[in-house]
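Okay, so here's the structure we're looking at.
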Amino acid sequence: MARALMLAQKGLYTTAPNPRVGCVLVRDGSIVGEGWHKRAGGPHAEVHAIEQAGSRAKGATAYVSLEPCCHQGKTPPCSQALIHAGVRRVVAAMQDPNPEVAGKGLAQLEEAGIETESGLMQLQAEAINPGFIMRMRHGRPWVTCKLAMSLDGRTAMASGESKWITSEAARRQVHCLRARSSAIMTGIGTVLADDPSLNVRLKNDEPEGGWLKPIRVILDPNLGMPVTAKLLQQEARTIVATATDDAEREAELIEAGAEVIHLPAPGGTIDLPACLIHLANEEVNEVLLETGATLSGAMLNAGLVDELKIYMAPHLMGNGARGLFNLPGLETMDQRINLEINDIRAVGKDWCISARVRH
């Protein structure tokens, strides 16, 4: 199963909106076939493993990181492929959270006389597909908030200058975060201040078929997005979420290549939960939030951030510089937002802190 999970990781940047899955076939104590899901629309992990094993798949045990699917999607059901291959036993790390499967794949195998098991290394399996699981169980994507700060918790000088707080090694890792994400979200303030591209710029290790192009999502209550923005000069989709009904500005942005959606909330702001639901309906699994203190704080306050990736650089920027989050209303200790730090590691000359938000 550990090998199946390693294989699943090979699809980290390419399988969206599908989950990352690995499969290993074992017979008489030896691996006879293995595979992983490489890209949405292509063969699933089990099919690759069966093809590699050939006739040796008959009587084998299949270790798969996610319950085999049992419905017809872009490809035939994997449960039937395992049945036709004659496997004797299937061990799944976890049941599929997709309601179309959710135990039905294992049940179908059992009806065909195949022994099944699930739950082996389940926590490790869940960690590979946080977005797919969140979307299937809760109807919204998994949200990771990426921030760069100095040792004293500052993200920009008082003037707004922020290039570059962190090193090239940290910035490369951020592009890896972008590459695994289905969407990158930011606010109009960041667009106006930095005119970012929010694309994946990784020169090496490009996967077969190329990097996926994450959707760029701009929260722009008053449609202040310039039609000349870099975001609109690229192939990837750009969605502008707004709270206004300015038909003229909307038409200009649509002509420039943007998609405009209306998600108004009280006070002329964007309905943040509705935005995530909209993205889930677009089959977005993972959202990378790259923005300033205001939107980061609003998302965190709304309970919509699941994980923080904070890159900390070894310098001080002073108490006049800008802070990490804008979190008004936190006045007592019991109002604190609690985090669970699960990893701290060096990235070049910087440090990366990975923390889960304890909702």
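If you take OG on Ser181 and CG on Leu289, they are separated by 10.5 Å, rounding to the nearest 0.5 Å. Taken from CD1 in Ile50 to SG in Cys78, the straight-line distance is 7.5 Å, to the nearest 0.5 Å. Note: Ser197 OG to Lys230 NZ = 5.0 Å, rounded to the nearest 0.5 Å. In this structure, the separation between CD1 on Ile310 and CG on Asp350 is 13.0 Å, given to the nearest 0.5 Å. The line from CG of Leu253 to OG1 of Thr238 is 10.0 Å long, rounded to the nearest 0.5 Å. Expressed to the nearest 0.5 Å, how far CG of Leu308 lies from CD1 of Ile337 amounts to 9.0 Å.
Residues Arg20 and Arg180 meet the side-chain proximity criterion, which asks for heavy atoms closer than 4.5 Å. Contact annotation: the side chain of Ser118 never approaches that of Glu67 to less than 4.5 Å [non-hydrogen atoms, C-beta and beyond]. Here the side chains of Glu115 and Val90 are not in contact, with every heavy-atom distance at 4.5 Å or above. Residues Val240 and Glu259 are not in side-chain contact: their nearest non-hydrogen atoms beyond the backbone lie 4.5 Å or more apart. A heavy-atom distance below 4.5 Å is not found between the side chains of His48 and His44. No side-chain heavy atom of Pro314 sits under 4.5 Å from any side-chain heavy atom of Leu151. Annotation: side chain of Pro226 is in contact with side chain of Leu192 (closest heavy-atom distance under 4.5 Å). Arg237 has its side chain within reach of Ile239: a pair of non-hydrogen atoms, C-beta onward, lies under 4.5 Å apart.
Residues Pro17 and Phe132 approach most closely at O-CD1, 3.8 Å, considering heavy atoms. Minimum interatomic distance between Leu263 and Ala274 (heavy atoms only, all atoms of both residues): CD2-CB, 4.1 Å. Summarising the geometry of Thr291 relative to Gly187, their closest heavy-atom pair is OG1-N, 3.4 Å, with the distance given to 0.1 Å. Closest non-hydrogen pair, Val21 versus Ser65, comes out as CA-OG, 3.4 Å. A pairwise comparison of heavy atoms in Pro196 and Val191 identifies CD-CA, 3.7 Å as the closest pair. Here the shortest heavy-atom pairing between Pro97 and Met136 reads O-CB, 3.6 Å.
Under 3.5 Å, the side chains of Thr244 and Asp246 contain no donor-acceptor pair of N or O atoms. For Arg88 and Thr61, the side-chain atoms include at least one donor-acceptor pair closer than 3.5 Å. A donor and an acceptor atom, one from each side chain of Arg39 and Thr14, are nowhere located under 3.5 Å apart. Using a 3.5 Å distance cut-off with no hydrogens or angles, the side chains of Thr116 and Glu110 do pair a donor with an acceptor. Between the side chains of His37 and Glu46, no donor-acceptor pair of N or O atoms lies under 3.5 Å. A side-chain donor-acceptor contact under 3.5 Å links Ser79 and Gln108. For the residue pair Ser354 and Lys309, a side-chain donor N or O sits within less than 3.5 Å of a side-chain acceptor on the partner.
A side chain to side chain contact (heavy atoms under 4.5 Å, CB included) with Val143 holds for exactly one of Val287, Val357, Leu300; it is Val287.
By the rule that hydrophobic residues join a cluster once side-chain heavy atoms approach within less than 4.5 Å of another member, Leu25 and Ile114 end up as members of one cluster. The hydrophobic cluster containing Ile218 does not contain Leu279, counting ILVMFWY residues as joined when their side-chain heavy atoms lie under 4.5 angstrom apart, directly or transitively. Hydrophobic clustering places Leu339 together with Val305 (ILVMFWY residues linked when any side-chain heavy atoms are closer than 4.5 Å, directly or through intermediates). Residue Leu272 is grouped with residue Phe325 when hydrophobic side chains (ILVMFWY) are merged at heavy-atom distances under 4.5 angstrom, including chains of intermediate members. Cluster membership for Val284 and Ile270, using ILVMFWY side-chain heavy atoms within less than 4.5 angstrom, is shared.
A donor-acceptor pair under 3.5 Å is absent between the side-chain atoms of Thr144 and the main chain of Leu288, judged by distance alone. Within the 3.5 Å criterion, the main-chain N or O of Glu100 finds a donor-acceptor partner in the side chain of Asn98. No donor-acceptor distance shorter than 3.5 angstrom exists from the side chain of Arg216 to the backbone of Met185, with no hydrogens or angles considered. A donor-acceptor pair under 3.5 Å links the side-chain atoms of Thr242 to the main chain of Pro221, judged by distance alone. One N or O on the side chain of Gln52 and one on the backbone of Glu34 form a donor-acceptor pair closer than 3.5 Å. With hydrogens and angles disregarded, no donor-acceptor distance shorter than 3.5 Å links the side chain of Thr15 to the backbone of Leu12. Panel note: side chain His138, backbone Met134; no donor-acceptor pair is recorded below 3.5 Å. Panel note: side chain Arg135, backbone Pro141; no donor-acceptor pair is recorded below 3.5 Å. The backbone N or O of Leu316 lies less than 3.5 Å from no partner atom in the side chain of Asp152, so there is not a single donor-acceptor pair. No side-chain donor-acceptor contact under 3.5 Å links Thr186 to the backbone of Thr190.
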Next item on the list: Any chance you could lay out the side chain to side chain contact (heavy atoms under 4.5 Å, CB included) test for Met149 and Leu147, step after step, and finish with the verdict?
Entry: CA-CA 7 Å; Met149 71 175 191; Leu147 295 154; 5.9 Å; no
Next item on the list: Given side chain to side chain contact (heavy atoms under 4.5 Å, CB included), test Val174 with Arg172 step by step and report yes or no.
Entry: CA-CA 5 Å; Val174 170; Arg172 175 178 170 76; over 6 Å; no
Checklist line | Steps toward side chain to side chain contact (heavy atoms under 4.5 Å, CB included) verdict (Asn285, Trp142) | finding: CA-CA 6 Å; Asn285 288 335; Trp142 177 271; over 6 Å; no
Next item on the list: Starting from the C-alpha separation in whole Å, work towards a yes-or-no answer on side chain to side chain contact (heavy atoms under 4.5 Å, CB included) for Arg201 and Arg178.
Entry: CA-CA 9 Å; Arg201 299 190 294 277; Arg178 288 180 180 178; 3.9 Å; yes
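Grouping Ile, Leu, Val, Met, Phe, Trp and Tyr residues whose side-chain heavy atoms lie under 4.5 Å apart, directly or via other members, places Tyr63 in a hydrophobic cluster with Met1, Leu5, Leu7, Val24, Val26, Ile31, Trp36, Val91, Leu120, Met121, Ile128.
Classification of Glu252 and Arg249 as a salt-bridged pair holds, one side-chain N sitting under 4.0 Å from a carboxylate O. Electrostatic pairing of Asp334 and Arg336 does not count as a salt bridge here, judged by no charged N lying under 4.0 Å from a carboxylate O. The pair Asp306-Arg140 counts as a salt bridge, with a side-chain nitrogen and a carboxylate oxygen less than 4.0 angstrom apart. Look at Arg137 and Glu126 and you find a salt bridge, because one of the NZ, NE, NH1 or NH2 atoms lies within 4.0 Å of a carboxylate O, short of that distance. Comment: Glu290 engages Lys146 in a salt bridge, judged by a side-chain N to carboxylate O separation of less than 4.0 angstrom.
Judged as a salt bridge (charged side-chain N to carboxylate O under 4.0 Å, His left out), and not counting sequence neighbours, Asp28 has no contacts. Residues that satisfy the side-chain contact (heavy atoms from CB on, under 4.5 Å) test with Ala112, not counting sequence neighbours, are Ile83.
For CD of Glu168, the number of neighbouring non-hydrogen atoms (other residues, nucleotides, ligands) closer than 6.0 Å is 12 at most. Residue Asn338 places its CG atom among more than 12 non-hydrogen atoms of other residues, nucleotides or ligands, all under 6.0 Å distant.
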